[in-house]
Amino acid sequence: MSVSFSLTTWNVNSVRARLDNVLTYLDEHEPDVVCLQETKVEDQLFPRVPFMELGYQLALHGTKGYAGVATLTKGAKPEDVQLGFADGPKDKHRRIVACTYAGVRIYNLYVPNGTALGSEAFTYKLEWLARLRAELGARFSPSDNVVLCGDFNIARDERDVWSVEAMRGGTHFTPEEHAALDALEDFGLRDCFRKHDQEPGRFTWFDYRNASWERRQGLRIDYVYATEPMHERCTEVVLDWEPREWDTPSDHCPLTAHFS
DNA sequence: ATGGTTGTTAGACAA
């Protein structure tokens, strides 16, 4: 019999700058698993205590100033923690922490932004995604209980961008990036949010610039992907815009999936 | 708008 749990993924854009917001949110919603991205802090300086006081145990993979991921679990510790890719060169950017919780392999991901077309960062993004796909294929079967969540920095289709026109010439909505998502889906991953909601405009990120939030001009770039058995068990996914209204918000909104 | 804002960290850089 499987254990039901909830999982919140949230790019917080600095866990220290966002500490009050994040703690307030977790205290209210009490998700069993929390996957944070862009923690922007080395592990020694991560504010562990207030999260432990809320009942969480932590798996950290951070570095000074940028990127960084953290997975928090309630009731049981994150087991078999993997930092970075399983094989090959180290994940020097600190963008992956994987762990097992309730018998489910959970990948917390902060996919490289890609910065600009033609940049080294864009090449790195595509190579990083290819490496992720290879790791999944080498280590898992589509029938395993696997969840990949986090900031993918790719908008899936036209419903997931505020303006197709505005995306032209930039990253996050190119054929190459879509092919990378296709490859993950070809492995057997499913978009849990789209199981329950087909509407356009369900954006998870709003640029700090250009009053994007006030205009509701954003992108859906944060996802909970799951293999078929976990997709089956996904009963609901909640995109919460409320914290975007709070003082000093992250540019991303939390997304919470429920698994039965 | 080859800009706009935020965070880290002390001038750019990443996003």
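Order of the sequence lines fixes the chain letters, A, B, ..., with proteins taken first and strands second; residue numbering starts at 1 for each chain.
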Could you state the atom-to-atom distance from [atom1] of [X] to [atom2] of [N] in whole Å?
X      : N     : atom1 : atom2 : answer
A:N21  : B:dT6 : CG    : P     : 14 Å
A:R244 : B:dT5 : CZ    : P     : 13 Å
A:E214 : B:dG4 : CD    : C1'   : 13 Å
A:E165 : B:dA1 : CD    : P     : 11 Å
A:W205 : B:dT5 : CH2   : P     : 14 Å

Can you see if the side chain of A:R18 gets near the phosphate of B:dT6 - specifically, an N or O under 4.0 Å from OP1 or OP2?
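Looking at the OP1 and OP2 atoms of B:dT6, neither is under 4.0 Å from any side-chain N or O of A:R18.
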Tell me whether A:D182 is salt-bridged to A:R133, with the criterion being a basic N under 4.0 Å from an acidic carboxylate O.
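Result for this pair is no, no salt bridge flagged.
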Salt bridge check, A:R190 against A:E228: does any charged N sit closer than 4.0 Å to a carboxylate O?
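Yes, this pair counts.
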Can you tell me how far [atom1] in [N] sits from the matching atom in [M], rounded to whole Å?
N      : M      : atom1 : value
B:dA1  : B:dG7  : P     : 28 Å
B:dT6  : B:dG11 : C1'   : 16 Å
B:dA15 : B:dT9  : C1'   : 16 Å

Does atom CD (A:E199) have a neighbourhood of more than 12 heavy atoms from anything else shown, all under 6.0 Å?
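Counting other residues, nucleotides and ligands, CD of A:E199 exceeds 12 neighbours.
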Measure from NZ or CZ of A:R95 to the centre of the six-membered ring of A:Y110 and say whether it is under 6.0 Å with the direction within 45° of the ring axis.
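Ring-cation test returns yes.
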Using the test ring pair (Phe, Tyr, Trp, His ring centres under 6.0 Å), find all partners of A:W241 that sit at least two apart in sequence or belong to another chain.
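Expected list: A:F206, A:W213.
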With sugar-phosphate taken as primed atoms, P, OP1 and OP2 and all else as base, the protein-contact string of nucleotides 10-15 of chain B at under 4.0 Å (heavy atoms; B, S, -) is -----B
Given B:dT9, B:dG3, B:dG7, identify the nucleotide with an atom nearest to the side chain of A:R16.
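Output: B:dT9.
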Qualifying ring pair (Phe, Tyr, Trp, His ring centres under 6.0 Å) pairs, either residue in residues 12-40 of chain A, two or more places apart:
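Ring pair (Phe, Tyr, Trp, His ring centres under 6.0 Å) check on residues 12-40 of chain A returns A:W10-A:Y25, A:Y25-A:H29.
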